[in-house]
Protein chains: 2
Amino acid sequence: MTEGPRPRPTLRDIATALGLSVNTVSRALGDKDSVSASTRAAVQAEAARIGYVPNTLARSLVLGSAMTLGLVITNPSNPFYAQLISSIELRVRAQGYSLLLLVTDESVENEQRATEALLRSAVDGAVVVPVQAEWDHWRRVRDSGIPLVFVNRDVPELDCDMVGVDYERGSYEATSHLIAGGARRLLLLEEDLPITTTADRITGFRRAMADGGLEVSDDLIRTVPTRRYDSLALPWQPEEAYRFAQSLALPDAIVTGNDYFALGLLRILAERGLQVPRDLAITGYGDHPYAAYLQTPLTSVRLPAAEVGTTAVDLLLQRLKRDANERPRKTLIRPELVVRASTRTPARL
Amino acid sequence: MTEGPRPRPTLRDIATALGLSVNTVSRALGDKDSVSASTRAAVQAEAARIGYVPNTLARSLVLGSAMTLGLVITNPSNPFYAQLISSIELRVRAQGYSLLLLVTDESVENEQRATEALLRSAVDGAVVVPVQAEWDHWRRVRDSGIPLVFVNRDVPELDCDMVGVDYERGSYEATSHLIAGGARRLLLLEEDLPITTTADRITGFRRAMADGGLEVSDDLIRTVPTRRYDSLALPWQPEEAYRFAQSLALPDAIVTGNDYFALGLLRILAERGLQVPRDLAITGYGDHPYAAYLQTPLTSVRLPAAEVGTTAVDLLLQRLKRDANERPRKTLIRPELVVRASTRTPARL
DNA sequence: TTGAAAGCGCTAACAA
DNA sequence: TTGTTAGCGCTTTCAA
């Protein structure tokens, strides 16, 4: 009874069954011209009968392309990246490619191993959210002829295509919105990751403050720890923001780098008997699905995740089809400020 | 200047450079015994010098295994699945395998295409969250010798390994907890997906009601639409629960099948001037990161996502190594009820 | 229109 | 210890 699965049918099985050569069978199934209609029909019938499935491995070895793209991402539990994964997978599949997933947990070491895997697997290209601490390993991938598209964070040293969100703009708009509402003493609460997204948001905050005629002393830009190196968890913990604001001398408004920080703030402020936005206005970042449904609905910056993902794949496939030496294209997609009650003070606005 | 990347170095490049045969080089790099120390050293040095990376495609073709596992999942934007992806990827990578990701969006058609892709790619096995509407295509995969582990939802017809969450138990505990707190008229708000997880939660609700000596009329079990077929979004929308409860004759307590439903309920109840848990107790399901930080912290059922993912991979790898004909193993991991303010009425408990 | 031959890069027999 | 030979399943010359 231990039958075991019979080996996969191959072209040769079809060929011998039909008294043809392997070659003819290959062409018949490959929709080449040089096969008679009757032969093609017979081949296709036999293929269907025995359940023939082409062996991608063998095919790829000959053709030199595995029709596979890599996706290197830091943390799928980050909802923005989850959406990114979905949109990328969808697009990749639609174009007939497979997707190899590699998670780095914001660790350079993992990322280096990921590049090894990409090289070994001979992917045709890769979409990468880089850790940004080092990039020699990416240079090696690129130099071996595998085009890269960086997503959300750039590595300018490598001259690769890049798609991201205009984080600076989002932060600028949130900050300007608060200033327009009457806030004068604003505080920025950011994550402590050494990545450009955070830096861009800080720049946006500074620029908006300057444009509003407000000074930015360093103590107005504060960071709280994030949970790095653990893709099983969200990077941001409401707890940290909560603790942070426990003993804070309160400003007019707080701009946060993430909705989860805003969540922690809303909680501690309620406990301290303060009302949002009457006593203090708050903006989030990311517009997570819960933002609209909080007791105090949260003003937040909505990120165009799907658009970023789709664009990334398109850039990559274009790069594969066209000249690899064309100038790299950098695209920033603009996020959208969604205004809700947490900043809507009738008195101020 | 259009230099283009030179072709990847192969074993032959090393062999000719060193005046050896390809075979010897292969063995030297493969850590086989039958190579002299000096030869091995020379080969390794040359390999490092030219940046040799083994071609997995060719290797897999010979060995008959691509050292790749498939992960077929419905929706990465579901936070439970996001964690599942992370834990699975981590484990898979730790065991030296690669991970092919396929997203189905709860669509049978996508799932069928996914099985085609798995067969073509000749994965060694696959971890699958099945859509559960049909399974002939899975039978085909299994019969072709690719072991499957179903996750979160079973397909009992196929006798495959399975790991999941004991959803019934979670629902039972949430319901019992509410009854113990004094609730007598309880309502269950569920998603409308035709999957076993939903059915199991309903069963748990019914059982707890019966054990509490309460009757369950059909109008106590209600469903709201979920957003199927769109992995770019969460399946559950607070909006639906919100609408649902707009004109509801209110019970003592509502058990929800998801935290997002609870979120919508909390909002509409506040708008209707009702207090949670004084007027009405609520439980969520999933224990999303925001649950603890809502204005009324939400009692919820925490799901052991990482444990489920890790177990799934382990079962799959065991199945690959041992006898494929061993009896399938079904494991349900117990979730944990996390009690918070939304059900903690001093008066009642 | 079909078939024979060669080869993608690698590993596993076997022989030297 | 090393090299020769063969072959994984497929596609692409080139002849017939």
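Note on naming: letters A, B, ... go to the chains in the order of the sequence lines (proteins, then strands), and numbering restarts at 1 for each one. Since the model is a prediction, treat every value here as computed from it, not as a measurement.
Proximity of residues 34-52 of chain A to DNA chain C (heavy atom under 4.0 angstrom from any strand atom) is restricted to A:Ser34, A:Val35, A:Ser36, A:Thr39. Of the residues in residues 8-18 of chain B, B:Thr10, B:Leu11 come within less than 4.0 Å of DNA chain C through at least one heavy atom, sorted by number. Heavy-atom distances under 4.0 Å link DNA chain C to no residue of residues 117-124 of chain A.
Between A:Glu106 and A:Arg153, at least one side-chain nitrogen of the basic residue sits less than 4.0 Å from a carboxylate oxygen of the acidic one, meeting the salt-bridge criterion.
Residue pairs meeting the side chain to side chain donor-acceptor pair (under 3.5 Å) criterion with at least one member in residues 93-103 of chain B, sequence neighbours excluded, are A:Asn110-B:Arg93, B:Glu89-B:Arg93. Pairs of residues two or more places apart, or lying in two chains, that qualify as salt bridge (Lys or Arg N to Asp or Glu O under 4.0 Å) and include a residue from residues 114-132 of chain A are A:Glu116-A:Arg140.
Note on B:Ser26: a side-chain N or O is less than 4.0 Å away from OP1 or OP2 of C:dT11.
Summarising the geometry, atom CG belonging to B:Leu316 is positioned 10.5 Å from atom CD1 belonging to B:Ile146; distances are rounded to the nearest 0.5 Å.
Every residue two or more places apart in sequence or in another chain was checked for a side chain to side chain donor-acceptor pair (under 3.5 Å) with A:Arg40, and none qualifies. A:Arg12 pairs by the side chain to side chain donor-acceptor pair (under 3.5 Å) definition with nothing, not counting sequence neighbours. Shown here are the side-chain contact (heavy atoms from CB on, under 4.5 Å) partners of B:Ala122, two or more places apart in sequence or in another chain: A:Arg8. The side chain to side chain donor-acceptor pair (under 3.5 Å) search around A:Asn55 returns none, not counting sequence neighbours. By the side chain to side chain donor-acceptor pair (under 3.5 Å) test, A:Thr331 is found to be paired with no residue, residues two or more places apart in sequence or in another chain being considered. For A:Ala133, the side-chain contact (heavy atoms from CB on, under 4.5 Å) partners two or more places apart in sequence, or in a different chain, are A:Val108, A:Val131.
Rounded to a whole Å, the CZ atom of B:Arg59 is 10 Å from the P atom of C:dC10. Put simply, CG on A:Leu61 is 12 Å from P on D:dC10, counting in whole angstrom units. Computed from coordinates, the B:Met67 CE to C:dT11 P distance equals 13 Å when rounded to whole Å. If you take CG of B:Leu29 and P of C:dG9, they are 16 Å apart, rounded to a whole angstrom.
The only member of A:Arg322, A:Arg329, A:Arg319, A:Lys330 that meets salt bridge (Lys or Arg N to Asp or Glu O under 4.0 Å) when paired with A:Asp161 is A:Arg319. None of B:Leu99, B:Val151, B:Val129, B:Val103 except one satisfies the side-chain contact (heavy atoms from CB on, under 4.5 Å) rule with B:Leu71; the exception is B:Leu99. Exactly one residue among A:Asp314, A:Thr310, A:Thr311 makes a side-chain hydrogen bond (donor to acceptor under 3.5 Å, both in side chains) with A:Arg91. That residue is A:Asp314.
Counting non-hydrogen atoms under 4.0 angstrom, A:Leu57 reaches nothing in the nucleic acid.
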For nucleotides 3-5 of chain D, list the nitrogen or oxygen atoms of the protein found under 3.5 Å from its nitrogen or oxygen atoms, one pair per line.
unit_1 : atom_1 : unit_2  : atom_2 : d
D:dG3  : OP2    : B:Ser21 : N      : 2.9
D:dG3  : OP2    : B:Ser21 : OG     : 3.2
D:dG3  : OP2    : B:Thr24 : OG1    : 2.6
D:dG3  : O6     : B:Arg27 : NH1    : 3.1
D:dT4  : O4     : B:Asn23 : ND2    : 2.1

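Comparing atom distances between the B:Ala58 side chain and each of D:dC10, C:dT11, C:dG9 picks out C:dG9 as nearest.
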